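In what follows, a single structure is set out as structure tokens and then discussed.
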Amino acid sequence: MKFSSPAFLRQWRRTALYVLFAIVAHSTFAQISQYPQNRQLYPRNQKTNKAAIPIAGTIEKSSGYTMLLLKKYRNNQLMYQLPILLFFRNNKASFKLTEEIKAELANYRFELYGVKGLSQTLLQSADQVVAGDAFIIQGQSNAVANLRGNWTPDNDANSAANAPNREFVRVYGSGSSSFSYSKEWFIGDGNVWFENNGNTGQWGMRMGSNLAGSMKIPVAIFNGADPGQPLQFFQRNDGSPESISTNYGRLLSRIKEAGFEKNIQAILWYQGESDVLGALSSTQLTTEQYKQSFLQLYSDWKQDFPGIKQIYLFQIRFGCGMASVNGALEIQEAQRQLDEERKDISIMSTGASIQLFDGGIINYCHFNFPNGYGSFGDWITELVKKDVYGVKNLPTSIYAPAPQKAAFSSVENLVADQLTLTLQDAASSYEALGDLTSEFRLEGGSFTITSVVINDNKVIIDFSRNPGTNNNPTGLSFIAHDNNSAPMLINNRGIGLLYFYNLPIGPLEGSTSAVCKDQYERLSLLGTQLKMKSKIKALISSPLDNDRFYFHAKNNKKGLKLELTNLPADYDVYLYDSRGKLIESSTKDGQTDETIVLDETKKKERYTIYISGKKGAFDANSCYTLKLNYKKENDDEDDDEDDDNNSSALIASEMEAGMQIQPIFRIYPNPVQDRVTITWPSQKAGTAEIRVIDLNGRQVKGQRLAVQNGTNLLQMQVGGLTPGVYLLQIQQDGQMVTRKLTITNR
């Protein structure tokens, strides 16, 4: 029979009508409320390595079915058939059961039949169902990471050669900016734009395929990236976290819809180009601004995705229309510091890669799969295997090479002409791709680097002073370039050295001038604990450095004497109580000794000492001396040693939370639509300044108000500001506090 003949067409129409009638009849008789979708990935139980598959619904008595039959297949092989007897009440029978599948590289199929006599009618089917783990990819266009440039077999992230386990990389919907994705599961697609269903990005596909192959577990990718967006764009609206008008809310809602909000293993972040002054941004975030904004996002992730084990940062490259290398360094240094300061944040270099020429205003910005996104996927896979899956015996070279310290290694008549940079990983081997003399920069004057030699994990840098410079360099930077990977220092896995800014240079090792061994750099916002009657030497090593210590003045009647001496630069010292109230300060000009004296202290109080350089003053080579003692040194000791023990739990909890030392005050309502009210506990009458700052660091509103001694109720009109997340600061004399403020639509 010809396909175009009238008889064939009549038969085709009859068959189509029969199938349509059967589908309508089945949907009328059976209401199935829970059932897998095709290609669905369910979260696995970490202990059992299995996932629960709920199946539930109701059957009408008029269907004539006396029982249901559930058939379960693994890789198209029937595993078993489960009969489900129907017991009708009020002409309906409910059914509910839970199946299990193993998290493995195998596809399961479920078929649910209605049974009437000897006949079986298919009611519902789902194929390619799997169990596994889920990951979030977030950021801007290099997190979208769709196919760039020309399509070639090498540049195809979906090919069997590049993603042999693509079948087991799954995606629910897409990162659609209009929240208009299809509410279903897809096989991941590494090449498509973020608005397309199934998007993973190229390096996301490579990582997912790698993990599936090595861990034998299917992987789900939730890519929420949006091109060209600054860090502020990705922040949460605290008043409505799931609002689909925000990128954060769209991603959170999609993940909850898929049932994975408690089962995200890690978040991978590639963002920062749009926070550098240039073609993509009219503003420049400083290192500290980027860190603080990211930590707000980090805190929200921790709350909304409680299962995350690690967060990974890709350090950005110079390019993408950035105005200067220094602008890129602000963000690169922020990302490096986040890695150093947080155990659950890891960083990966992108330096040893070849950027694609995009043209236009951004020139070199994105990457092809070869020598770019494919490498990123390979490099980050090994970190995920170690952190998330606990794979042991991986080489230390899976981490990006990172600086440990820099010190002068040749000094004659106080004039240095060589320094040695020590890299953290002594077990790896390193090599130079090209001439590295243009990639390092000496800070604190004008210098010319004449040679760079690598010896094990030591980088030996020879240099000379340029005319007009009469001092030794104070810091070392590793600066970025665009286009090719070379010049670059790489380890034996081909991973490039992390970019860094103004690493302090220490004195000549073993010399008599090497008297400052600073052991007191703070590991948390509380700082380092000191005992009474202690004397230490510490270092202010850069304009951004400051030192913080805390102690308990256990005998309140003996007072307190704090002495800052042997100052190599103009340093100031401040004393705060546990609420963040400024108790006393000493801020003399020049290198004069600074002293703080109290006749009495509060009993069982925790005090904080804060030391900083005036107007950024520092000395990377010379220490100051800090002496902490009682004012009345000769009185009989009456110290209560239990005070330390009684406060240990509080200190531990504050350190764990990274608690800032600030006065207690409240802002409400928050979120706010129109007018915000501030409760301010002022210690004296005067004036206070209130500022609203956006997440790019710009002040968008300010107000000066009179305050009285005691609790004040202050108000500020903020209804005219664009809805979003801001920082609210209030300052009076030595007190300043900062809180996150969310402004919503009226």
Side-chain angles (χ1 to χ4, degrees), residues 15-45 48 50-74 76-103 106-132 134 170-173 179-186 197 218 220 242 253-263:
T15 303
L17 288 172
Y18 174 79
V19 171
L20 178 61
F21 173 78
I23 291 173
V24 172
H26 296 156
S27 63
T28 301
F29 296 142
Q31 301 296 324
I32 300 175
S33 57
Q34 288 184 295
Y35 202 84
Q37 290 187 12
N38 288 327
R39 299 173 295 275
Q40 183 163 358
L41 187 148
Y42 283 88
R44 71 182 177 112
N45 183 302
T48 65
K50 294 180 179 180
I53 314 296
I55 297 174
T58 59
I59 301 294
E60 298 285 344
K61 189 173 183 179
S62 58
S63 67
Y65 301 140
T66 58
M67 62 179 289
L68 302 178
L69 187 65
L70 180 67
K71 297 182 181 181
K72 179 179 177 180
Y73 298 81
R74 179 184 179 277
N76 295 320
Q77 297 294 316
L78 180 63
M79 297 182 69
Y80 62 79
Q81 304 181 75
L82 176 67
I84 307 167
L85 296 178
L86 296 174
F87 300 95
F88 292 94
R89 184 177 182 181
N90 297 327
N91 295 318
K92 285 187 179 181
S94 298
F95 63 94
K96 185 176 183 180
L97 66 149
T98 301
E99 279 293 312
E100 281 190 336
I101 61 174
K102 184 180 179 181
N107 284 301
Y108 288 82
R109 185 169 78 252
F110 294 92
E111 295 176 351
L112 183 65
Y113 293 85
V115 179
K116 183 192 302 182
L118 298 177
S119 67
Q120 299 178 8
T121 303
L122 181 64
L123 302 179
Q124 191 80 302
S125 178
D127 201 4
Q128 294 181 284
V129 180
V130 296
R170 305 294 172 88
V171 175
Y172 182 74
F179 206 63
S180 58
Y181 59 84
S182 299
K183 311 295 187 179
E184 58 183 290
W185 286 85
F186 299 88
N197 289 321
E242 295 178 53
S253 297
R254 179 161 63 112
I255 290 172
K256 283 191 171 184
E257 199 172 271
F260 269 93
E261 67 271 22
K262 295 181 180 179
N263 295 280

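Remember, it's a predicted structure, so these values are computed and weren't measured experimentally.
In this structure, CG on Asn91 lies 13.5 Å from CD1 on Ile59, to the nearest 0.5 angstrom. Taking CG from Leu70 and CZ from Phe95, the interatomic distance works out to 9.5 Å, rounded to the nearest 0.5 Å. Ser63 contributes atom OG, which lies 7.0 Å from atom CG of Leu86 (distance to the nearest 0.5 angstrom). One distance of note links CD1 of Ile84 with CG of Leu69; it measures 7.5 Å at 0.5 Å rounding. Residue Asn76 holds its CG atom at 12.5 Å from OH of Tyr108, rounded to the nearest 0.5 Å. One distance of note links CG of Asn107 with CG of Asp127; it measures 6.5 Å at 0.5 Å rounding.
Taking each heavy atom of Gly114 and Tyr65 in turn, the nearest pair found is C-CD2, 3.7 Å. When all heavy atoms are compared, the tightest approach of Gly259 to Pro43 is O-CG, 3.9 Å. Residue Pro218 comes nearest to Ala131 through the heavy atom pair CD-O, 3.1 Å, listed as atom of the first residue, atom of the second, then distance. Across Pro36 and Ala126, no two heavy atoms sit closer than the pair O-CB, 3.3 Å. Between Ala106 and Val130, the shortest heavy-atom distance links the atoms O-CG1, 3.4 Å. Minimum interatomic distance between Ala51 and Arg44 (heavy atoms only, all atoms of both residues): CB-CA, 4.2 Å.
Shown here is Lys72, whose NZ atom has more than 12 heavy atoms of other residues, nucleotides or ligands within 6.0 Å. Heavy-atom contacts from other residues, nucleotides or ligands closer than 6.0 Å to NZ of Lys102 number 12 or fewer.
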inquiry  = Working note: Arg170 + Gln40, criterion side-chain contact (heavy atoms from CB on, under 4.5 Å); need CA distance, chi angles, decisive distance, verdict.
reply    = CA-CA 8 Å; Arg170 305 294 172 88; Gln40 183 163 358; over 6 Å; no
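Side-chain contact between Gln34 and Ile55 is absent, with no heavy atoms from C-beta onward closer than 4.5 Å. Residues Lys92 and Lys61 form no side-chain contact, since every pair of their non-hydrogen atoms from C-beta on lies 4.5 Å or further apart. By the 4.5 Å heavy-atom criterion applied to side chains, Leu41 and Phe260 are counted as neighbours.
Ring pair Tyr172/Tyr181 is perpendicular by interplanar angle, where above 60° counts as perpendicular and below 30° as parallel.
A cation-pi arrangement is present between Lys183 and Phe179, with the terminal nitrogen or guanidinium carbon under 6.0 Å from the aromatic centre and inside a 45° cone about the axis.
Not counting sequence neighbours, the partners of Ser125 by the side-chain contact (heavy atoms from CB on, under 4.5 Å) test are Arg109, Glu111, Leu122.
With hydrogens and angles disregarded, no donor-acceptor distance shorter than 3.5 Å links the side chain of Asn45 to the backbone of Lys50. Checking side-chain atoms of Tyr35 against main-chain N and O of Gln124 turns up a donor-acceptor pair under 3.5 Å. Gln37 contributes a side-chain N or O that, together with a main-chain N or O of Trp185, makes up a donor-acceptor pair within less than 3.5 Å. A donor-acceptor distance shorter than 3.5 angstrom exists from the side chain of Asn197 to the backbone of Ser182, with no hydrogens or angles considered.
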